[in-house]
Student: 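Before I ask anything, here is the structure I am working with.
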Amino acid sequence: MTRKIIIDTDPGIDDAMAIMLAFNAPSLEVLGLTTTFGNVPVSLATSNALKLVELAQKDIPVAEGVATPLAAPQLPHPDFVHGKDGFGNINWPAETTKADDRSAAEFIVETVRANPNEVTLIALGPLGNLAKALELDPEIVNLVDEVILMGGAAVEPGNVTPVAEANIINDPHAADIVFTADWPVTMVGLDVTHKVMMDETLLQKIRAADSKAGELLYQSTQFYFDFYNKTFGIEGCFVHDASTIVYAMAPEVFTTEPGIVRVATEGVAIGQTIIAHPDKHYPLPHWQDKPQSKICMGVDSERLLAVIEETFAGAA
């Protein structure tokens, strides 16, 4: 049995790696991509998503979504991480296809309704499209199989502020809506993604294995590697978005803990994922009667990287 997924994305170099990993995974059936602002403006995210779909020769829709946060101030797009084109300034040829007529939220709702209890939503960027889908049809909480999102941090420091991870701080109000909705949420955050490192050797193997996308992934990730080297002094990059795809393929690679997640939406801690233990009680009501999420806290990094290598090798 394959797992049906919708990938909500802001491509983005690491998004491109994750999307191509999902396309190559025999256990996953990608029903469509929905796009959001984040790493790049939403129009560019849509353009890049279409390029990836064409490159993989997939006949699936790309639906454009939100362009701005629900309520928080919009942060600058991190072109110093992903390049102005989102793909490391490699000047990849323009797409030849067009986005779906439906909005991202409409596509999510219609697809979930057509496949009740079968669709997993995998979010690789800010969470505005999922929040909009909940606003459009609150009943989808009972019809989605699982929400797996790359974002947040439980005990690991943030990567945008001392406490906030990038995807969450980009739309904290939307994130709080998604975490407090009564559907199954799994958070694949910095607590695990900072434990997994992709190096040049694995990147070269992906380049050789995937004749369709390997060159784009290789060229664009050089820019990403350069950012990591200059910023952190490391040879390679953390595996953020692709870790989320691996969770959908092989959740046993991770260990999780239950937690009730709220997101700070203002002040110095804006974007922080604040996690309460389900069995503890607090004098303030913020976590009271809220659903539990699964928080990824441990990962077998060697096995995760092996899953990535094996999946791309299967595309050869």
Side-chain angles (χ1 to χ4, degrees), residues 8 10 12 14-15 36-39 68-82 123-128 130-131 147-181 185-197 227-228 230-234 237-241 243-244 247 254-288 290-299:
D8 190 59
D10 57 338
D14 55 339
D15 297 72
T36 175
F37 78 94
N39 292 326
T68 58
L70 289 184
Q74 185 154 16
L75 299 178
H77 303 292
D79 55 12
F80 56 93
V81 180
H82 297 273
L124 306 180
L127 296 169
L130 275 63
V147 176
I148 306 171
L149 63 91
M150 192 283 121
V155 297
E156 182 78 0
N159 60 358
V160 174
T161 76
V163 295
E165 180 276 331
N167 287 336
I168 304 300
I169 198 173
N170 265 287
D171 201 342
H173 297 82
D176 195 54
I177 290 169
V178 169
F179 276 115
T180 56
V185 176
T186 298
M187 182 179 106
V188 183
L190 301 182
D191 304 280
V192 288
T193 65
H194 277 176
K195 296 173 182 174
V196 186
M197 180 81 65
F227 162 76
Y228 272 91
K230 291 177 179 176
T231 306
F232 303 105
I234 59 178
C237 67
F238 296 130
V239 180
H240 293 301
D241 291 345
S243 291
T244 313
Y247 183 91
F254 299 82
T255 57
T256 64
E257 296 178 7
I260 301 169
V261 184
R262 297 301 308 270
V263 179
T265 56
E266 61 183 1
V268 70
I270 187 170
Q272 182 178 11
T273 43
I274 308 166
I275 300 167
H277 193 281
D279 295 332
K280 292 188 176 181
H281 298 280
Y282 303 90
L284 297 177
H286 304 302
W287 298 270
Q288 187 175 331
K290 301 298 182 185
Q292 293 183 30
S293 297
K294 289 182 182 178
I295 315 300
C296 289
M297 296 300 298
V299 60

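All values below come from the heavy atoms of this structure, side chains included, with hydrogens, waters and symmetry mates left out. Everything numeric here is computed off the predicted structure, so don't read it as measured data.
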Student: Report the distance from atom CD of Q288 to atom CD1 of I260, rounding to the nearest 0.5 Å.
Tutor: 9.5 Å

Student: Go through the steps to decide whether H240 and V188 satisfy the test side chain to side chain contact (heavy atoms under 4.5 Å, CB included), and finish with yes or no.
Tutor: CA-CA 8 Å; H240 293 301; V188 183; over 6 Å; no

Student: Please report the shortest heavy-atom distance between A264 and P172, naming the atom on each side.
Tutor: O-CB, 3.6 Å

Student: Among pairs that include at least one residue of residues 254-264, which meet side-chain hydrogen bond (donor to acceptor under 3.5 Å, both in side chains), considering only residues two or more places apart or in two chains?
Tutor: D176-R262

Student: Would you say the side-chain atoms of N170 pair up with the backbone N or O of P126, donor to acceptor, closer than 3.5 Å?
Tutor: no

Student: Within the structure provided, determine whether L70 and I177 are in side-chain contact (heavy-atom separation under 4.5 Å).
Tutor: yes

Student: For F179, enumerate each residue passing the ring pair (Phe, Tyr, Trp, His ring centres under 6.0 Å) test, keeping only those at least two apart in sequence or located in another chain.
Tutor: none

Student: Do M187 and S293 have side chains that get closer than 4.5 Å, going by heavy atoms?
Tutor: no

Student: Taking all non-hydrogen atoms of both residues, which atom of D10 and which atom of D15 are closest, and how far apart?
Tutor: OD1-OD2, 2.8 Å

Student: Give a yes or no on whether Q74 atom CD has more than 12 heavy-atom contacts from other residues, nucleotides or ligands under 6.0 Å away.
Tutor: yes

Student: Contact between D241 and T193 at the side-chain level, heavy atoms closer than 4.5 Å - yes or no?
Tutor: no

Student: Determine the minimum heavy-atom distance between V155 and D191, stating which atoms define it.
Tutor: N-OD1, 2.9 Å

Student: Is the shortest side-chain heavy-atom distance between T186 and C296 below 4.5 Å?
Tutor: yes

Student: Which heavy atom of A131 sits nearest a heavy atom of A174, and at what distance?
Tutor: CB-CB, 3.9 Å

Student: Show me the donor-acceptor pairs, under 3.5 Å and distance only, between side chains in residues 268-279 and residues at least two apart or in other chains.
Tutor:
| residue | atom | partner | partner atom | Å |
| --- | --- | --- | --- | --- |
| T273 | OG1 | A153 | N | 2.9 |
| T273 | OG1 | A153 | O | 2.7 |
| H277 | ND1 | D279 | N | 3.1 |

Student: Please list, chain by chain and in numerical order, all residues satisfying side chain to side chain donor-acceptor pair (under 3.5 Å) with K280, sequence neighbours excluded.
Tutor: none

Student: Indicate the ring-plane relationship of F37 and H77, choosing parallel, tilted or perpendicular according to the 30° and 60° boundaries.
Tutor: perpendicular

Student: Spell out, as yes or no, whether a donor-acceptor pair under 3.5 Å connects the side chain of K294 to the backbone of I148.
Tutor: no

Student: How many angstroms lie between atom CZ of F254 and atom NZ of K195, to the nearest 0.5 angstrom?
Tutor: 10.5 Å

Student: With sequence neighbours excluded, what pairs up with H194 under the side chain to side chain donor-acceptor pair (under 3.5 Å) test?
Tutor: E156

Student: Is any side-chain heavy atom of N39 closer than 4.5 Å to a side-chain heavy atom of P78?
Tutor: yes

Student: Please enumerate all residues that pass side chain to side chain donor-acceptor pair (under 3.5 Å) together with T265, with sequence neighbours excluded.
Tutor: none

Student: Once you round to the nearest 0.5 Å, how far does CG of L127 lie from CE of M150?
Tutor: 10.5 Å

Student: Return the set of residues passing side chain to side chain contact (heavy atoms under 4.5 Å, CB included) with T161 (not counting sequence neighbours), or none when no residue passes.
Tutor: V163, A164, I169

Student: Could you tell me which residues satisfy ring pair (Phe, Tyr, Trp, His ring centres under 6.0 Å) with Y228, sequence neighbours excluded, listed by chain and number?
Tutor: Y224, F232, F238

Student: For G151 and E165, which heavy atoms make the closest approach, and how far apart are they?
Tutor: CA-OE1, 3.2 Å

Student: According to side chain to side chain donor-acceptor pair (under 3.5 Å), who are the partners of D8, at least two apart in sequence or on a separate chain?
Tutor: T34, N129

